[in-house]
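Letters go in sequence order (proteins before strands), and every chain restarts at 1. Everything numeric in this text was worked out from a predicted model, so none of it was measured.
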Protein chains: 2
Amino acid sequence: MATIYEVSALAGVSLSSVSRVLNDHEHVSKKTKEKVVAAMNELNYRPNTIARSLASNRSNSVGVLVSELHGPFFGAMLSSIELELRKAGKHAVITAGHSDEESEINGLDFLIDRKCDALILLVDAISDDYLIKLSKGNTPFVILNRNISEISDHCFYLDNELGGYLAAKYLIEQGHKEIAYISGPLTKQDSTERLTGHKKALAEANIPFKESLLYEGDYLTKSGRDGINYLIKHKSTFTAVACSNDEMASGAMRGARDHKWLIPEQCSFIGFDNAFFTEYLYPQLTTINFPVNDMAKMSTQWILKNVYKQKELDITNMFIPELIERQSVKKN
Amino acid sequence: MATIYEVSALAGVSLSSVSRVLNDHEHVSKKTKEKVVAAMNELNYRPNTIARSLASNRSNSVGVLVSELHGPFFGAMLSSIELELRKAGKHAVITAGHSDEESEINGLDFLIDRKCDALILLVDAISDDYLIKLSKGNTPFVILNRNISEISDHCFYLDNELGGYLAAKYLIEQGHKEIAYISGPLTKQDSTERLTGHKKALAEANIPFKESLLYEGDYLTKSGRDGINYLIKHKSTFTAVACSNDEMASGAMRGARDHKWLIPEQCSFIGFDNAFFTEYLYPQLTTINFPVNDMAKMSTQWILKNVYKQKELDITNMFIPELIERQSVKKN
DNA sequence: CAATAAACTGGAAGCGCTTCCATATTGAAT
DNA sequence: ATTCAATATGGAAGCGCTTCCAGTTTATTG
């Protein structure tokens, strides 16, 4: 592997000059630039990124830390982020935190130690305090799908309460009064906010919220099915079930079908997120849209603007959910 | 940020000694080790990984390059790989290639330049020749879901032909004779192999393969739906459709349902991969299992064994698909 | 054409660590 | 005690680059 030194020798210039053309500095004459470029090509020179990072404390890469690497939500988010960064000539370094505080901090340290220029965090186990402290460090970052008021200008999040509200309101408008709710882990901010919105819509319609119609799931498909089984086993009556994400909704439908229920004739279902697969379920799932793409784009643009000084644009931190009406809800 | 230098000063030993305890070298007395550790704690010392990489040409991380970051197949693979590496105390650096040769090579260079100790490649646009040449370089790597005979001991792949064969055979056993096939891109190895297996099963049963029953999709859900529409529009008759992956099968079912077909009464469907969601489709999708987890594990173990000398174990390169019988296929 | 500013170039230090080599210390064996 | 190997430690070079500073060249102006 050729080094900058060999390039400088071949081109007949100094190390500094080679470095300057490498970094597109001003104040390099056209002539030396040409000589250097020619030498680089001849030697098939490739800069050593590690050495550059050590000397400059930069890396031209942004670290992305997610709870999980699989699942439609994380997949879509990762894809969008990576694409947006790639367009801007930056590299994404992705790693996973597994919703476990130690692992998440470990992943965070890894990315910081690798001198990522900035971080995008989609994690839920690390505490607010830790992140607030982190914001005083040297590595700039944004937080996705979470709002920490002390550093809310670094946060990009959905109006989850509105989402939960819209879903419940829609069911109510369709004539449902007995509405079961399968939530995500109630330790997570998004879960509780969605549930709050749900309750708010019920209250507005003077429908009491019944604890017996609530099942706390874990956002995974299986827990939707478990939820339905739980509700049925406890002899709850309901004509619709609202789920805190699409995967649980799909699991819930599967569970209902195991009991020979007709969907949506005997029971309506509504999801949350508008994951790509919802359109391919049967019946097609009515759900709440989570503008994953927009959020991914906005967060990378924040970084391009604030860290790389590339763009000048307006930043929106909160995103608005919307109802996507399909076929899993019936008038009651 | 404290450096090794400050640690050595505080501990009253040399730089080399600090480095030795940092790297768990032999020949360090218990006493100096204790002094150094104490100093590190007191200074809250964190090694600079970049500097270590530069000096040692190692990074304690393995690069993972995938075609896409989303979708159940890639998601599951990434998750398993990351988990396996994490268990072994190694870090995964993930990046995407988007099935585009330039992007893939770009990602590859990125990972190599970052001095990853090894690479895991799940890509399809980079040519065999390029990878063969790469195998003569300094960065060891494995290739997933692809078999290049010149370097087949670096390759981990499914017996795709057997998979295609098993699916078709099962349909035939259930009495189907007119079987449509929705394939992946026929430029991709796995697609053509699966199709070959399909044809083989037909031939064994003396059923002629009809070009008119073949639709070339792209592995995405939508193309399954497009495939069904295409087949219907061209007035093909068939009682079953085999798909080259589960997403297209799900799209195909959706398409069939748009035409008011009953599934599986009027038409049977079989998928490929056994993605997690197939169990939650309605009807539950009969499919071919792709042991994603096993493959991910095996490939990381190859690295642990050959690069990090951690494990000593037998390596299997080819994995065997299996039929998963569920409810989307009916006796004909 | 001199004076001055602007553009360009080279030298050298330094980023934080690893690793080789040489020297010093220890302990076991004679 | 003496010798020799094994073990432990320090010094210093070097990984490949960036960046500051000082010095040199070129262009600009009156």
At a heavy-atom distance below 4.0 Å, what parts of residues 12-23 of chain A sit against DNA chain D?
Ser16(A), Ser19(A), Arg20(A), Leu22(A), Asn23(A)
With rounding to the nearest 0.5 Å, note down the distance linking CG in Asp124(A) to CD1 in Ile143(A).
12.0 Å
Walk me through it: do Asn23(A) and Arg52(A) pass the test side chain to side chain donor-acceptor pair (under 3.5 Å)?
CA-CA 10 Å; Asn23(A) 292 287; Arg52(A) 296 181 85 172; 2.9 Å; yes
Pair Phe73(B)-Tyr219(B), ring-ring contact (aromatic ring centres under 6.0 Å, His included): steps then yes or no
CA-CA 11 Å; Phe73(B) 179 74; Tyr219(B) 277 145; 8.6 Å; no
Across all chains, not counting sequence neighbours, the ring pair (Phe, Tyr, Trp, His ring centres under 6.0 Å) partners of His98(B) are none
Compile the donor-acceptor pairs under 3.5 Å between side chains in residues 30-39 of chain A and protein atoms, sequence neighbours left out, one pair per line.
| unit_1 | atom_1 | unit_2 | atom_2 | d |
| --- | --- | --- | --- | --- |
| Thr32(A) | OG1 | Ser29(A) | O | 3.0 |
| Thr32(A) | OG1 | Ser29(A) | OG | 3.1 |

Residue pairs involving residues 127-139 of chain B (criterion side chain to side chain donor-acceptor pair (under 3.5 Å); sequence neighbours excluded)
Asp128(B)-Arg146(B)
Side chain to side chain donor-acceptor pair (under 3.5 Å) partners of Ser103(A), counting only residues at least two apart
Asp100(A)
Go through DNA chain D in 5' to 3' direction and return only the first and the last nucleotide with some atom under 4.0 Å of chain B's heavy atoms.
dT7(D) to dG16(D)
Can you list, in residue-number order, the parts of residues 54-62 of chain B that come under 4.0 Å of DNA chain D, counting heavy atoms only?
Leu54(B), Ala55(B)
Set of ring pair (Phe, Tyr, Trp, His ring centres under 6.0 Å) partners for Tyr157(A), sequence neighbours left out
none
Please name all residues satisfying side chain to side chain donor-acceptor pair (under 3.5 Å) with Ser80(B), sequence neighbours left out, ordered by chain then number.
Asn293(B)
Quick one: Lys31(B) NZ to dT26(C) C1', roughly how many Å, whole number?
12 Å
Using the test side chain to side chain contact (heavy atoms under 4.5 Å, CB included), find all partners of Glu6(B) that sit at least two apart in sequence or belong to another chain.
Ala2(B), Thr3(B), Leu43(B)
With sequence neighbours excluded, what pairs up with His70(B) under the ring pair (Phe, Tyr, Trp, His ring centres under 6.0 Å) test?
none
Over 60° means perpendicular and under 30° means parallel, so classify the ring planes of Phe156(A) and Phe319(A), tilted if in between.
tilted
In degrees rounded to 10°, what angle is found between the helical axes fit to the five outermost pairs at each end of the helix from dC1(C)-dG30(D) to dT30(C)-dA1(D)?
30°
Going by distance alone, is a donor N or O of one side chain under 3.5 Å from an acceptor N or O of the other, for Asn106(B) and His91(A)?
yes
Just checking Ser53(A): base, sugar-phosphate only, or nothing, at a heavy-atom cut-off of under 4.0 Å?
nothing
